[in-house]
J.: 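Got a structure for you, questions after.
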Amino acid sequence: MMETGFGEAVLQGLHRYVRLVIEELGLHGDAFYAQLEPTAGAYIALDRKLPEYPDRDVALVWDERYGWSVALETDSSEDLITVAYHGREILPSPSAVAAFAREVCASGAVGRSGLAPTGSGESEVTLTERLTGYLRSVTATSQDSLPSSA
């Protein structure tokens, strides 16, 4: 479980990372969530269906242990049904995540990575630093665009 020692900065970094994935997918609206506890995770509702399951809604799901996966929605009493995992990298680039989601939805590449990955072994500190890095990049860009006081 990711410690929340960095607290709000980590959560904001995770939100920024998820929003970048959403932008790469060309989605609009706020059909997503991100959390740090009990484990860090995120959920993005997709506007696509899988060819094998045309009656099921599809979501892109991330967690700090296994990274990204594509899952089928179920009724509220059941867990999501994971149908494909991105791979071993826990925090791939937003463009790589979007490409993965498009590939699974277009080709129905169910079970793409077989069983759940065992995790990358990426340390909690590294993951925390990478997530806060998404926030820092936004802050730096915002500060760079501020007018200088002459």
Side-chain angles (χ1 to χ4, degrees), residues 1-51 53 56-76 78-110 112-113 116-117 119-148:
M1 174 178 10
M2 179 178 290
E3 292 293 323
T4 55
F6 289 95
E8 193 64 25
V10 175
L11 183 58
Q12 289 177 1
L14 178 56
H15 273 259
R16 178 67 182 144
Y17 175 65
V18 171
R19 287 183 195 277
L20 290 170
V21 171
I22 289 169
E23 287 175 20
E24 287 285 337
L25 286 166
L27 298 175
H28 303 284
D30 289 326
F32 80 95
Y33 76 83
Q35 66 186 32
L36 292 182
E37 296 178 11
T39 58
Y43 167 98
I44 301 171
L46 297 179
D47 61 356
R48 299 162 173 94
K49 304 279 186 182
L50 295 179
Y53 302 96
R56 297 270 189 162
D57 289 331
V58 180
L60 192 55
V61 182
W62 177 83
D63 78 48
E64 69 180 87
R65 291 172 291 183
Y66 304 117
W68 288 99
S69 63
V70 171
L72 298 172
E73 296 282 355
T74 61
D75 67 39
S76 60
E78 298 176 317
D79 289 336
L80 297 171
I81 301 168
T82 302
V83 296
Y85 288 93
H86 179 267
R88 291 192 47 86
E89 188 174 356
I90 297 298
L91 216 60
S93 72
S95 61
V97 176
F100 160 68
R102 284 189 200 102
E103 176 189 335
V104 172
C105 291
S107 68
V110 173
R112 170 185 159 146
S113 295
S120 70
E122 185 165 3
S123 76
E124 187 176 302
V125 172
T126 302
L127 186 57
T128 299
E129 289 171 352
R130 290 182 66 197
L131 287 171
T132 56
Y134 279 98
L135 182 59
R136 283 193 303 269
S137 66
V138 171
T139 304
T141 302
S142 298
Q143 289 175 350
D144 291 342
S145 63
L146 293 175
S148 61

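Residue numbers run from 1 in the order of the sequence given. We use all heavy atoms of the structure for the numbers below, so side chains are in, but hydrogens, waters and symmetry mates are not.
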J.: For Pro51 versus Ala106, what's the shortest heavy-atom pair and its separation?
T.: CG-O, 4.1 Å
J.: Below 4.5 Å, heavy atoms only, C-beta onward: do Thr74 and Asp79 meet side chain to side chain?
T.: no
J.: Which pair of heavy atoms, one from Leu11 and one from Ala34, lies closest together, and at what distance?
T.: CD1-O, 3.8 Å
J.: Got Trp62 and Ile90 here, is their nearest side-chain heavy-atom distance under 4.5 Å?
T.: yes
J.: Taking side chain as C-beta onward, heavy atoms only, is Leu80 less than 4.5 Å from Leu72?
T.: no
J.: Out of curiosity, Thr132 OG1 to Leu14 CG, how far, rounded to the nearest 0.5 Å?
T.: 11.5 Å
J.: In Å, rounded to the nearest 0.5 Å, how long is the span from CG of Leu127 to CZ of Arg65?
T.: 12.5 Å
J.: Does the side chain of Thr82 reach to within under 4.5 Å of the side chain of Val70, using non-hydrogen atoms?
T.: no
J.: If I compare all heavy atoms of Tyr134 with all of Pro94, which pair ends up nearest, and what's the gap?
T.: OH-CD, 3.7 Å
J.: Does any non-hydrogen side-chain atom of Pro92 lie less than 4.5 Å from one of His86?
T.: yes
J.: Do Arg16 and Glu23 sit within salt-bridge range, that is, some charged N less than 4.0 Å from a carboxylate O?
T.: yes
J.: Do Leu25 and Val21 come close enough that some side-chain heavy atom pair is under 4.5 Å?
T.: yes
J.: What distance do Ser93 atom OG and Tyr17 atom OH have between them, rounded to the nearest 0.5 Å?
T.: 7.0 Å
J.: So, do His15 and Leu20 sit near enough that their side-chain heavy atoms are less than 4.5 Å apart?
T.: no
J.: Specify the closest pair of heavy atoms between Ala42 and Val18, including all atoms of both residues, with the distance to one decimal.
T.: CB-CG2, 3.5 Å
J.: What pair of heavy atoms forms the shortest contact from Tyr43 to Ala59, and how long is it?
T.: CE1-CB, 3.3 Å
J.: How long is the straight-line distance from OG1 of Thr39 back to CD of Glu64, given to the nearest 0.5 Å?
T.: 5.5 Å
J.: Does Leu60 form a side chain to side chain contact (heavy atoms under 4.5 Å, CB included) with Phe100? I'd like the steps, not just the answer.
T.: CA-CA 10 Å; Leu60 192 55; Phe100 160 68; 4.0 Å; yes
J.: Looking at side-chain heavy atoms only, is the closest gap between Trp68 and Asp63 below 4.5 Å?
T.: no
J.: What's the separation between atom CG in Asp57 and atom CG in Leu46, rounded to the nearest 0.5 Å?
T.: 9.5 Å
J.: How far does CZ of Arg19 sit from CG of Leu27, to the nearest 0.5 angstrom?
T.: 12.5 Å
J.: Are Glu89 and Arg130 close enough for a salt bridge, meaning some N to O gap below 4.0 Å?
T.: yes
J.: Please answer whether the main-chain N or O of Glu73 pairs with a side-chain N or O of Arg56 as donor and acceptor at a distance below 3.5 Å.
T.: yes
